[in-house]
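Below: one structure, written as structure tokens.
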Amino acid sequence: MKFSKYHIVPELKKSLDDLGFKKPTDIQFKSIPQILSGQDILAIAQTGTGKTAAFAIPLISMLQQNKHREPEQNVKAVVMVPTRELAMQIEQVFKELGQYTDVETISLIGGVDIEPQVEKLRRGVDVLIATPGRISDLVHKGHLNLKKIDFLVLDEADHMLNKGFYNDIKHILQFLPRRRQTLFFSATIDENIKDLAYALVSKPVRIQISPKDPVSKNVDHAVAYVAMDDKRFFLERIVKEHPDQKILVFVRTKVRAERVFKAMERVNIVTATLHGDKEQEDRFKVLDDFREGRVKILVATDVSARGLDVKGVEYVINYDLPDVAENYVHRVGRTGRGNNRGTAISFCSEEEKPILEEIETYLTQPIKLMSIKKTEYEETLAISEGHQNDWQSLINENEAMSKQKKKKRK
Ligand code: ADP
Ligand code: MG
């Protein structure tokens, strides 16, 4: 069924048309009518399946239809998300979808001047997007009254628990009105999530889209055996063979991220890094550069890239395999989003083979092997600019060192 046939306000049909969304995704198809009919829902669907619009479309439509805001109603809908980056991303989706409506959305994030945000809340907005920590803080300080909200959304609920927001959510729960519509979205489900979910929803409709293969069918993914020390040459080759494409590179740790950055710098490849050690401002900037395509290669850790939706990421490289098998699905899910296709390649060293096995067990099937011929492997190392420049860089390093020594002597 096309969006044009849906019982949603015409302003939304227009923006959906602008965005090029013609048909709903599976999760949208199943959730939107239920949400419009006032049901609580508990929805589980993989990464990149359009969960954001699954709640944003019906919410915007209902908010546009009923514009009346009661006195002291700070907000009508609260959307809880695990990270600030996601808060901004989802705010963007609400703004794009709601561009022809009067629905007002704000995201509140830490680390910025709070006064203007509080002022906006005092005047009232329709949709508020923030992390549970932020919301709990605002309620605690008396800036936010939740007693009159109509809708509560929990997005990426599994990640909220990973980020340790359980207690914040419990805290917020006391301030919520009993009569409200609650929408619960998660990519994965386990016992912890179930407990939280059932504490929040009442008589929910359960929607689960879980095909046998947890990796999105739009992602073509394979593994290549590459020795730990040779990984940088293979990354260099892939990057140089795809000069115009956006590539997201995953590494295991912050230190590894910086190391890859340096290794690429040596072969004249510009990358940016995203990880937990960076200042918030830096992280926003890096992400923005990547979104806008000013930087084509982003090297990130698992946590920092959770749930991100960046347009045009054609490649995901698992430079290191993820420690947790489930994260494999989250990582490769950064590409092949919506109706787009994507490619993911994992570098697996000898040491990482046990992890590969775990991942394959989790996926319940082997990952396609990209076999590299010996000659091709050697060629990859040989054509690296790093090798061509080896003499030059040694000379440069020597010169730099002797200069430093001279300085010290002075
Ligand atoms: P999820 O939260 O399930 O991981 P997102 O909500 O971030 O996924 O959406 C993934 C991508 O799919 C986004 O880039 C979005 O613009 C696109 N998308 C969502 N719904 C549709 C649709 N009905 N038609 C085409 N593209 C869509
Ligand atoms: Mg999402």
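Atoms within each ligand, like the ligands themselves, are counted from 1 in listed order. Keep in mind that the numbers below use all heavy atoms, side chains included, and drop hydrogens, waters and symmetry copies.
Tested against Asp309, the residues Arg291, Gln89, Arg337 include a single side chain to side chain donor-acceptor pair (under 3.5 Å) partner, Arg337.
Here the shortest heavy-atom distance to atom 8 (O) of ligand 1, taken over Gly20, Gly50, Ala43, Pro24, belongs to Gly50. Across the listed options Lys51, Glu96, Lys22, Lys51 owns the non-hydrogen atom lying nearest to atom 2 (O) of ligand 1.
Under the 6.0 Å distance and 45° angle rule, Lys246 does not count as a cation-pi partner of Tyr315. Cation-pi geometry between Lys14 and Tyr100 is satisfied (NZ or CZ under 6.0 Å from the ring centre, within 45° of the ring normal). A cation-pi arrangement is present between Lys353 and Tyr225, with the terminal nitrogen or guanidinium carbon under 6.0 Å from the aromatic centre and inside a 45° cone about the axis.
Heavy atoms of Thr49 found under 4.0 angstrom from ligand 1 belong to the backbone as well as the side chain. Of the heavy atoms in Lys311, only side-chain atoms (C-beta onward) come closer than 4.0 Å to ligand 1. At a heavy-atom distance under 4.0 Å, no atom of Phe185 approaches ligand 1.
Of the polar atoms of Ala53, none of the N or O atoms is found under 3.5 Å from an N or O of ligand 1, judged by distance alone. Geometrically, ligand 1 and Gly48 share a nitrogen or oxygen pair separated by less than 3.5 Å.
Atom 6 (O) of ligand 1 has Thr52 OG1, 2.6 Å as its closest protein atom, hydrogens excluded (heavy atom only). Distance from atom 15 (C) of ligand 1 to its nearest protein heavy atom, with residue and atom name: Phe21 CZ, 3.8 Å. Closest protein heavy atom to atom 20 (N) of ligand 1: Gln28 NE2, 2.8 Å. Ranking protein heavy atoms by distance to atom 7 (O) of ligand 1, first place goes to Arg337 NH2, 2.9 Å.
The Mg ion (ligand 2) sits nearest to atom OE2 when only the N, O or S atoms of Glu156 are considered.
Which parts of ligand 1 touch Gly338 is read off a 4.0 Å heavy-atom cut-off, strictly below it: atoms 11 (C), 12 (O), 17 (C). Counting atoms of ligand 1 from 1 in the listed order, those under 4.0 Å from a heavy atom of Lys23 are 22 (C), 23 (N), 24 (N). Residue contact check: Asp309 has heavy atoms under 4.0 Å from atoms 7 (O), 10 (C), 11 (C), 13 (C), 14 (O) of ligand 1. With ligand atoms numbered from 1 in the order given, ligand 1 contributes 3 (O) to contacts under 4.0 Å with heavy atoms of Gln46. Atom numbering of ligand 1 starts at 1 in the shown order; those under 4.0 Å from a heavy atom of Phe3 are 23 (N).
Of the possible donor and acceptor atoms, none in the side chain of Asn327 sits under 3.5 Å from a partner among the backbone N and O of His330.
Donor-acceptor pairing under 3.5 Å is recorded for the side chains of Glu385 and Asn268.
Taking the six-membered ring where tryptophan is involved, the planes of Phe175 and His171 are perpendicular, since the angle between them exceeds 60° and thus also 30°.
Taking the six-membered ring wherever Trp is involved, the centroid distance between the rings of Phe165 and His159 does not fall below 6.0 Å. Note: Phe185 and Phe55 meet the aromatic proximity criterion, with ring centroids under 6.0 Å apart.
The salt bridge (charged side-chain N to carboxylate O under 4.0 Å, His left out) check on Lys194 picks up Glu191, with sequence neighbours excluded.
Note that CD of Glu11 and CG of Leu97 are 12.5 Å apart. Values are rounded to the nearest 0.5 Å.
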